[in-house]
**Q** 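Got a structure for you, written out below as structure tokens; questions coming shortly.
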Amino acid sequence: MDNLEEALKENGCNIVSISGGGDPLHEYEKHIDWYRKFFGIAHKRNVFFNGSMRPIPVEMHTSYMTDETAFPFYDCYRVVYHANSIDQLSHIRRTGNEIVRAVFVVTADYTIADIMDIALFVKNSTEIDELSFRQLVDDKYTEQHYLEDYLRMGHKKLWWYIEQNDYNLYYAENEVSGRYRDFEKEVL
């Protein structure tokens, strides 16, 4: 994180998402000091966000449901849970005022009934605020197109349909890039 504060300032970042490269909460207990340092940097940088000046919002992306980790989700503006089954949704709990989103990667085995079951669960949930579906991207960064027309029809009605593209800035190894794949290590 040596250059994180400078990178946030230089790139005019108004939100920071923690994600990618495996689940950021894997072995969280071993990395508590790293997270304290990270939140210290984020909280001292004020940005204009949602109509007012405030510390830079942090968005956590994880596959660990609320009951699987001691992470302080309440320190986040938004928590994005990457779920694989409707059953996992019952393990999501709001811990503060964070916005809670569930995201599903649509694969070849999904049906319209699966999509609707998930959408109705989220609609009736008091713990989950938002639902998103996105397409599977294979190991060659090729987006699949499963049930795409149906997902587009429900966009902004029952869920958000996320188009795959690199529209973020990524920070890793004290470097900034517009493409996550730039941080892949070559395997010899």
Side-chain angles (χ1 to χ4, degrees), residues 1-84 88-89 91-105 122 125-134 137 141 159-160 162-185:
M1 284 191 291
D2 297 338
N3 299 326
L4 178 60
E5 190 170 358
E6 186 177 319
L8 293 173
K9 183 179 177 182
E10 284 179 8
N11 291 287
C13 299
N14 65 351
I15 190 167
V16 175
S17 293
I18 304 173
S19 65
D23 197 297
L25 293 184
H26 178 69
E27 298 184 341
Y28 163 70
E29 291 76 14
K30 294 180 180 178
H31 306 288
I32 290 173
D33 289 340
W34 184 92
Y35 277 101
R36 284 186 181 138
K37 183 176 180 182
F38 169 81
F39 277 104
I41 291 169
H43 288 161
K44 77 179 190 181
R45 172 130 176 87
N46 286 319
V47 297
F48 192 73
F49 186 82
N50 284 349
S52 64
M53 289 300 286
R54 58 175 287 177
I56 194 165
V58 174
E59 179 179 85
M60 170 59 74
H61 288 253
T62 185
S63 296
Y64 286 85
M65 301 301 132
T66 314
D67 58 3
E68 297 177 315
T69 179
F71 183 79
F73 292 109
Y74 51 79
D75 278 342
C76 299
Y77 165 74
R78 177 183 288 124
V79 180
V80 180
Y81 293 95
H82 295 261
N84 296 312
Q88 288 179 317
L89 299 179
H91 296 277
I92 295 174
R93 298 281 179 274
R94 185 183 327 278
T95 61
N97 294 320
E98 72 274 18
I99 296 168
V100 176
R101 176 184 288 173
V103 175
F104 285 82
V105 175
V122 170
S125 173
T126 59
E127 301 292 330
I128 304 169
D129 304 303
E130 303 170 346
L131 172 63
S132 295
F133 291 101
R134 67 179 185 84
V137 177
Y141 296 97
W159 56 74
W160 294 91
I162 301 171
E163 301 279 346
Q164 296 299 329
N165 55 34
D166 267 340
Y167 54 85
N168 297 306
L169 287 178
Y170 298 93
Y171 179 84
E173 307 299 331
N174 288 315
E175 298 291 330
V176 175
S177 178
R179 298 179 333 151
Y180 183 76
R181 68 180 90 180
D182 289 346
F183 295 109
E184 288 183 338
K185 302 284 186 217

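Numbers here simply count residues along the sequence, with the first being 1.
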**Q** Using 4.0 Å as the upper bound for N to carboxylate O, is an ion pair formed by R101 and E59?
**A** no
**Q** Between I56 and L8, is there a side-chain heavy-atom distance shorter than 4.5 Å?
**A**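 SC-SC contact between L8 and I56 confirmed.
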**Q** Between CD1 of I99 and CD of E130, what distance do you get to the nearest 0.5 Å?
**A** 5.5 Å
**Q** Kindly determine whether F38 and L4 satisfy side chain to side chain contact (heavy atoms under 4.5 Å, CB included), including the steps that lead there.
**A** CA-CA 9 Å; F38 169 81; L4 178 60; 3.7 Å; yes
**Q** Might you confirm whether atom NE2 of H91 has over 12 heavy atoms from other residues, nucleotides or ligands at distances under 6.0 Å?
**A**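 Counting other residues, nucleotides and ligands, NE2 of H91 exceeds 12 neighbours.
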**Q** Testing the basics here: between P24 and I18, what is the closest heavy-atom pair and its distance to 0.1 Å?
**A**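 Closest approach of P24 to I18, heavy atoms only: CB-CG2, 3.5 Å.
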**Q** Rounded to the nearest 0.5 Å, what separates atom CG in L25 from atom OG1 in T62?
**A**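 Rounded to the nearest 0.5 Å, the CG-OG1 separation comes to 4.0 Å.
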**Q** Between A42 and V58, what is the shortest heavy-atom contact and its length?
**A** CB-CG2, 3.8 Å
**Q** Just how far is it from atom CD1 of I92 to atom CD of Q88, taken to the nearest 0.5 Å?
**A**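 Atom-to-atom, I92:CD1 and Q88:CD are 8.0 Å apart.
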**Q** Is any side-chain heavy atom of V47 less than 4.5 Å from a side-chain heavy atom of P55?
**A** no
**Q** Nearest 0.5 Å, what's the SG-CZ distance between C13 and R45?
**A** 8.0 Å
**Q** Is the number of heavy atoms from other residues, nucleotides or ligands within 6.0 Å of CG (N97) greater than 12?
**A**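 Not more than 12 within 6.0 Å, no.
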**Q** Looking at R93, is its backbone amide N or carbonyl O close enough to the side chain of T66 to form a donor-acceptor pair, meaning the two atoms are under 3.5 Å apart?
**A** yes
**Q** Can any side-chain N or O of T95 pair as donor or acceptor with the backbone N or O of Y74 at less than 3.5 Å?
**A**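 It does hold such a pair.
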**Q** Which heavy atom in I15 sits nearest to a heavy atom in Y77, and how many Å separate them?
**A**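 For I15 versus Y77, the nearest heavy atoms are CD1-CD2, 4.1 Å.
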**Q** Mind checking the NE2-OG1 spacing from H26 to T69? Nearest 0.5 Å is all I need.
**A** 11.5 Å
**Q** Where the side chain of D23 meets the backbone of S63, is there a donor-acceptor pair that is under 3.5 Å apart?
**A** yes
**Q** Less than 6.0 angstrom separating the ring centers of Y81 and Y64, yes or no?
**A**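 That pair fails the under 6.0 Å test.
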**Q** Applying ring pair (Phe, Tyr, Trp, His ring centres under 6.0 Å), name anything that partners F71, two or more places apart in sequence or on another chain.
**A** Y28, Y35, F73
**Q** Measure from the side-chain N and O atoms of E98 to the backbone N and O of G96, and report whether any donor-acceptor pair falls under 3.5 Å.
**A**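 Checking the backbone N and O of G96 against the side chain of E98, a donor-acceptor pair under 3.5 Å is found.
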**Q** Taking salt bridge (charged side-chain N to carboxylate O under 4.0 Å, His left out) as the definition, give me every residue that meets it alongside E10, ordered by chain and number, with sequence neighbours left out.
**A**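 By the salt bridge (charged side-chain N to carboxylate O under 4.0 Å, His left out) rule, E10 matches no residue at all.
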**Q** Salt-bridged, K9 to E6, with N to O below 4.0 Å?
**A**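 Answer for the salt bridge query: no.
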**Q** Closer than 3.5 angstrom, by distance alone: can the side chain of Y171 be matched with the main-chain N or O of A7 as a donor-acceptor pair?
**A** no
**Q** Please report the interatomic distance CZ(F104) to CG(N84), rounded to the nearest 0.5 Å.
**A**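 Reported value, rounded in 0.5 Å steps: 8.0 Å.
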**Q** Search all heavy atoms of A83 against all heavy atoms of L89 and return the closest pair with its distance.
**A**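 Of all heavy-atom pairs spanning A83 and L89, the closest is CB-CD2, 4.2 Å.
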**Q** I'd like to know if the side chain of E127 reaches the main chain of R94, judged simply by a donor and an acceptor atom lying under 3.5 Å from each other, with no hydrogens or angles considered.
**A**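 Indeed, once roles are kept as given, a pair shorter than 3.5 Å links the two residues.
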**Q** Output yes when D129 and R78 qualify as a salt bridge under the 4.0 Å nitrogen-oxygen rule, no when they do not.
**A**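 Between R78 and D129 there is no salt bridge, as every charged N stays at least 4.0 Å from the carboxylate O atoms.
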